**Student:** 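One structure, as structure tokens, below. Some questions next.
Below, chain A is the first sequence line, B the second, and so on; all start at residue 1. For the numbers below, each heavy atom of this structure counts, side chains included, while hydrogens, waters and symmetry mates do not. Just so it is clear, the model here is predicted, and its values are computed rather than measured.
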Number of protein chains: 2
Amino acid sequence: MRKPTIIDLAKAAGVSPTTISHAFSGRRKVDPETRERIVALADKMGYRPNQAAQRLRSGRTGTIGLASSMPFAVAAGPSRLGFLMEIAASAAMTALTRDMALCLVPTSPGRNLDNLGFDGVIVVEPARDEPLIRYFEGRHTPIVSIGKVPARPDIPAIDLHSAQTARLLLGHLFDAGSRRIGLITGRQRRTSYEETETVYAEFSAAHAMPAIALSLDENGGEELAEREAAKLLQRHPRLDGLLVTVDALATGTMTALSHLGLRVPDNVRLATRYDGMRAQLAQPQLTAVDLHLDLVARLAVETLLARIEGQDAAFTTPCPDLIARPSSVG
Amino acid sequence: MRKPTIIDLAKAAGVSPTTISHAFSGRRKVDPETRERIVALADKMGYRPNQAAQRLRSGRTGTIGLASSMPFAVAAGPSRLGFLMEIAASAAMTALTRDMALCLVPTSPGRNLDNLGFDGVIVVEPARDEPLIRYFEGRHTPIVSIGKVPARPDIPAIDLHSAQTARLLLGHLFDAGSRRIGLITGRQRRTSYEETETVYAEFSAAHAMPAIALSLDENGGEELAEREAAKLLQRHPRLDGLLVTVDALATGTMTALSHLGLRVPDNVRLATRYDGMRAQLAQPQLTAVDLHLDLVARLAVETLLARIEGQDAAFTTPCPDLIARPSSVG
DNA sequence: CTTCTTTAGCAAAACGTTTTGCGTATTACC
DNA sequence: GGTAATACGCAAAACGTTTTGCTAAAGAAG
């Protein structure tokens, strides 16, 4: 009454275990007729290859990690919750269809991670000199990054097209009428921030706008943004547009604006990047960008699996789409 | 240069693999001195037991599932995102410290789940006659529920103390001055809703209030709540308090109130249950309850692991704490 | 009619643990 | 001093796959 093994199946089918294995894996030719008989019988008997055995033999763990550069407490807290978890949910589903388990990896690479060897790992928006990257590279664990790894074009990544995103948002603010647009990014050196800053510099120059940029520690959250945005606006009272790339910083900025008696979008147009719950719940709702994170996550998993198997798969990655909301269009 | 195995370690230590195994597992006596020598050497050589081998031998998969009764698309969408993911993050960390991987399980039990055998599964707030429960029971997979399983006191569960939560919130609204309190719950038959409804009925009777209760489909989200709450308020214009147990329904209700020209908390005091991003970002912020989900999740994992090992661990589960916010106290 | 190639399949050796049954010493008991 | 109990340790058999030769039969090529 216990689960049938490959040997039970082999006996029932009148072939050797080898043939069963080959029939399933396709690593060697098996008479199509035999194969068909085997799979039918397997189905009937409820045979499923034992994963532990497969993994022992193949040296794989069957687990891939999803690691965020932020401490989990922060990433899972309100601040980045949506971003990471949207990815997690989609990645988990994709992984499951390939018989892989997706494991959420707490940061602080420590002894704990050594035990559980991952076949590969997905790193979410790593910063420059990310410890996670160093850690997994040291262990020869295949890595795929969501968002390019700064200064490491050699590491496969699903591009989030942050330059394009920045162009979309800045162009949108400009088209809506803003002529003095400020920028607030996160302080860590992630690709998305860096590309945004570059595009912003170009954009300002091209449109003869002063470049008024500020970067804040993401962990500071809304409160920090509120304080610093207030200072910024006092220094630059003629600002009439703001691109704030982190949603928590954007809502903090909104609070600052309202305290200063400035109205959104009438006095200042506001836009952010990630279209999460924060952007959607803000009053007024925040203009943002659809990054297609579900698709991004799926591609990340597929790229990683290909990489684990030694292939080099390249996918076209989705382009961001603008979602205009009342925070920028009256 | 490859990872050392138990045999390498045995040779280096001058003992048999058996002794190594016993030294680590403690399943038989090993001379303390020998054991010490072994662990020191293991540490130096970087030996880690191969999990696949352990699992093959022991018949475990080393994976536990986290399943939500809601379709993942909904649970991972804005609606229940916080609730499920707060649990996921904490559970993942706890699992990892025990060398277990936590796997997010998409709903719709299908063939895919059969492949990946879980050692056990955590089910989040199951409804009455939950298909997930049936599915895993059919496979003899140990289950621990977060929130009691309706009509199934035999299934171990981490109690969310929904009756106590309801008493806290209703008492709070009453103390704040509300004398005609309405109730909006979700339509599925989850323990938290059922207990809340029972407490509400008692509370109304005890305080000679009319019982005005409504239950809505959780998947309807804010829009549904907005429509239905508006109708409710038109039928019962003297309502001065509302307990809405699902956060998305609560914010929808808030919108309805504002459209009707009713002010929160001046005209109607509002409270919800789960203190997630929604409650915190709402304007005004929503009174809610701290369910201590991180602790709940940890207990769930530990209870499940104990159960997998055949023990019957019982923990004291955390009690909810009220978080009073402007939506109920002027 | 050789010789070579392809096809379909098998036997046996891994993979790295844990477990079980046995031996030895050593200590304890009468 | 005999016997029992205890402590420590080892050898070998699992666990259920995949992989690597190898064989036998059947075509193909000359």
**Student:** Salt bridge check: are B:R307 and B:E302 linked by an N-O gap of less than 4.0 Å?
**Tutor:** no
**Student:** If we ignore hydrogens and angles and just use 3.5 Å, is the side chain of A:S90 paired with the main-chain N or O of A:E86 as donor and acceptor?
**Tutor:** no
**Student:** Taking atom types as modelled, is there a side-chain donor on A:T18 or A:S21 under 3.5 Å from an acceptor on the other?
**Tutor:** no
**Student:** Is the shortest side-chain N to carboxylate O distance from B:R60 to B:D119 below 4.0 Å?
**Tutor:** no
**Student:** Tell me whether A:R139 forms a cation-pi arrangement with A:Y135, defined as NZ or CZ under 6.0 Å from the six-membered ring centre and within 45 degrees of its axis.
**Tutor:** yes
**Student:** Using atom types as modelled and distance alone, determine if a side-chain donor or acceptor of A:R35 lies under 3.5 Å from a backbone N or O of A:A23.
**Tutor:** yes
**Student:** Is the ring pair A:F83/A:Y274 parallel, tilted or perpendicular, if the boundaries are 30 and 60 degrees?
**Tutor:** perpendicular
**Student:** Kindly give the atom pairs (protein nitrogen or oxygen, nucleotide nitrogen or oxygen) under 3.5 Å for nucleotides 15-18 of chain D.
**Tutor:**
| from | atom 1 | to | atom 2 | distance (Å) |
| --- | --- | --- | --- | --- |
| D:dT17 | OP1 | A:Y47 | OH | 3.2 |
| D:dT17 | OP1 | A:N50 | N | 3.3 |
| D:dT17 | OP2 | A:I6 | N | 2.6 |
| D:dT17 | O5' | A:Y47 | OH | 3.2 |
| D:dT18 | OP1 | A:Q54 | NE2 | 3.0 |
| D:dT18 | OP2 | A:S21 | OG | 2.7 |
| D:dT18 | O2 | A:R57 | NH1 | 2.4 |

**Student:** Is it the case that A:S192 and A:E125 place a side-chain donor and acceptor less than 3.5 Å from each other?
**Tutor:** yes
**Student:** Taking only heavy atoms on the protein side, list every residue of residues 28-40 of chain B lying under 4.0 Å from any atom of DNA chain C, sorted numerically.
**Tutor:** B:R28
**Student:** Check nucleotides 24-27 of chain D for protein N or O atoms closer than 3.5 Å to its own N or O atoms and list the pairs.
**Tutor:**
none

**Student:** Report, as yes or no, whether the 6.0 Å neighbourhood of atom CD on B:E137 holds more than 12 heavy atoms from other residues, nucleotides or ligands.
**Tutor:** yes
**Student:** Regarding B:E130 and B:R152, does a basic nitrogen lie under 4.0 Å from an acidic carboxylate oxygen?
**Tutor:** no
